[in-house]
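Before any comments, here is the structure.
Note that the coordinates shown come from a computational prediction; the quantities given were computed from them, not determined experimentally.
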Amino acid sequence: MKKSLFLASVIAVALLTSCGTAVQPDQVSVNPSPLTVVGNKVEAEITGTFPVKKFAKNAVLTVTPVLKYNGGEAVSKSVTYVGEKAKENGQVVSYAEGGKYTQVAIFDYVPQMAKSELYLRFEARKGNKVVTLPDVKIADGVISTAKLAVATAEEVKPQIASDKFQRIIQEVQEADIRFLIQQATLRNSELKSQEMKDLHAAIKEADTAENKAINKIEVAGYASPDGEQGLNEKLADARQANAEKYLAKQLKKAKVDAEIESNVTAEDWAGFQKAMEASNIQDKELVLRVLSMYTDPEERETQIKNLSAVYKTIADEILPALRRSRLILTTDLIGKSDEEIAALAKTDPRALSVDELLYAATLTQDATEKMALYTKATELFPQDHRAYNNIGMLQFSQGKVADARRSFAKALQMVPTDPDVNYNAGIAAMAENDLVQAEQYLGRAAGTKGDLKAAMGTLYTMKGDYAAAKTAYGNEATNNAAVQQILNEDYAAARQTLARVAKPNATTAYLAAVVAARTNDRDAVYSNLKVAVQRNAQMKAKAQNDIEFAKYQANEQFQAIVK
């Protein structure tokens, strides 16, 4: 925008009439025009020229940019220009040649600036003569579309800290029956071992307890990986069959009705490697290297037997434990029902574990009930961060951002590096425009289950780094992603993004109207604004003051929508 200030300079001439006059710069340009908010700042570069033989040699001119809006004004830093013989400090302007005028105005953005005007304010002095000229308008402002990118529960959702409640938890109990070398005969000493006694007791309990059930019983037969392959296969089969026959007899005797699954491993190389890794045998690393180098069973056995110094120890300490049948009981431990948990949460929450109490909060959609359950969890389990995190999540969704930040801070005291809590703290900081803190939190949120791309895109948009925001958003289809595309003047992409928003709201329609206004699609401006104000009546006042719609605001159809 260019604005001639010659008429105003004549006023100065009337006061300062000897040896030239202090004049305002002529043909002033403002970039950008209209003004635009970037991050949380409104910046404008103002340029112009001082005409030749107009600026008095002993005159002083102070220029102050002022952004005026309803209810107030913001004042930027002044710049002083002085004639060649003036005693004051300032930028010198040649009387004979004139000079260039340049100034950068910076204002902290407030929402009222959405409908504002940029003025220059002048004070001209020559000696003791002072004249304050009328403020001169040089630009309109402020395009505040960037402020539509915000951290809200609709756009960037906080992440719940999940409970670990499981209705059914599986427990596994094992017992080994060992055999002599090259034998498959069951020995009484093995059948009466403490392991076997414990297994029988566990089977009986799983069959009779109300909160337990037998999931499966397995019998696996093994042979150690020494000896001939065919013999090992027969041994493993026989050991499995004999152990299964014995266990079936015991189940019948105990009146336990359960199927037995069978499994056979002819040469237990996996068990051999595991036992070697756990042993203190000298040169065990050499043996393990052989296992990694050779996959053929016969070659492995040959190479290990060649290690004569260590093979005798292996034969005495490792191989006997691999000649076995393994009996495996898998039990389902059945937890409380939803009805039981919900009832106890109301009547006796102390009877619940922390995971059951957190799970109880998922059984209701009532925010007040959820808050009460999370609060009780903080009382009963004050060292568990999850309840504090989830309280913050509820507070954030209710618009209580300051409260949410305090709750997330409590959670972070317990788990400073937790990615989900840092993610939540980051978006809450963004919602209060604390972008420095937000960036710190989100920098520690790698691995979060939340939408970190959307959060970072929103952060960069709010900071005014639209190139970084574009990279962060990728193909995200959200209102905030569309804001970034509008600010990058990629209107075709913005249209596509807005069309893909999963749950379009008033802001979605409003942004579509902005795109239409910037691409001179009058009908789309009106149709989208109608949808926006239908979804949220507050959009009427916003549209009335939004410079995006400046050329439509006098139109009757526009006024009919926003009145």
Side-chain angles (χ1 to χ4, degrees), residues 29-47 104-109 111 113-114 139 141-152 154-157 419 422-423 425-448 450-502 507-508 510-519 546-548:
S29 296
V30 181
N31 183 37
S33 181
L35 306 182
T36 302
V37 59
V38 178
N40 204 40
K41 298 287 185 181
V42 177
E43 297 189 20
E45 183 182 34
I46 310 167
T47 57
V104 175
I106 303 175
F107 307 97
D108 291 326
Y109 177 78
M113 290 178 181
V142 171
I143 294 176
S144 57
T145 301
K147 288 300 178 180
L148 290 172
V150 292
T152 67
E154 286 185 325
E155 283 293 312
V156 190
K157 298 183 183 298
N422 275 288
Y423 168 82
I427 63 176
M430 273 197 293
E432 288 199 322
N433 209 42
D434 187 352
L435 304 186
V436 173
Q437 190 82 74
E439 191 162 18
Q440 292 174 357
Y441 286 132
L442 293 178
R444 296 193 289 266
T448 178
D451 194 342
L452 187 57
K453 287 200 304 181
M456 292 303 299
T458 301
L459 174 65
Y460 288 133
T461 301
M462 295 174 73
K463 289 179 64 177
D465 189 346
Y466 305 137
K470 181 179 180 180
T471 300
Y473 278 125
N475 292 321
E476 290 276 327
T478 64
N479 291 337
N480 285 356
V483 170
Q484 166 266 314
Q485 290 163 335
I486 292 170
L487 298 174
N488 277 319
E489 299 183 1
D490 191 351
Y491 304 128
R495 285 195 196 92
Q496 294 174 1
T497 296
L498 292 169
R500 292 190 297 116
V501 171
T507 301
T508 314
Y510 193 92
L511 288 170
V514 170
V515 172
R518 290 195 176 196
T519 54
D546 196 337
I547 200 169
E548 294 276 16

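For the pair N40 and K147, the minimum side-chain heavy-atom distance is below 4.5 Å. At a threshold of 4.5 Å between non-hydrogen side-chain atoms, the residues Y441 and I427 do not count as touching. The shortest distance between side-chain heavy atoms of K41 and D108 falls below 4.5 Å. In this structure, T145 and Y510 have side chains that are not in contact, with every pair of non-hydrogen atoms separated by 4.5 Å or more. Looking at heavy atoms from C-beta onward, Y473 lies out of side-chain contact with T497 at the 4.5 angstrom threshold. You'll find the side chain of Q437 stays beyond 4.5 Å of the side chain of E432, heavy atoms only. Taking the side chain as every heavy atom from C-beta outward, N488 and K470 approach each other to under 4.5 Å.
With rounding to the nearest 0.5 Å, the separation of CG in L487 from OH in Y466 is 4.5 Å. With rounding to the nearest 0.5 angstrom, the CG atom of L511 is 4.5 Å from the CD1 atom of I486. For the atom pair CD (Q496) and CG (N475), the distance works out to 10.5 Å, reported to the nearest 0.5 Å. Interatomic distance, OH of Y460 versus CG of L435, reported as 12.0 Å (0.5 Å rounding). Distance check: S144 OG to E548 CD gives 7.5 Å after rounding to the nearest 0.5 Å.
In plain terms, the two heavy atoms of A105 and F107 that are nearest each other are CB-CE1, 3.8 Å. Of all the heavy atoms in L35 and A44, the pair that sits closest is CD2-CB, 3.5 Å. Here the closest non-hydrogen pair linking S33 and A139 is OG-CB, 3.9 Å. Minimum heavy-atom separation, E43 to P32: O-CD, 3.6 Å. Taking each heavy atom of M462 and M430 in turn, the nearest pair found is CE-O, 3.3 Å. For A494 against V515, the heavy-atom pair with the smallest separation is CB-CG2, 4.0 Å.
A side-chain hydrogen bond (donor to acceptor under 3.5 Å, both in side chains) with T458 is found for exactly one of N480, N479, D451, T478, namely N480.
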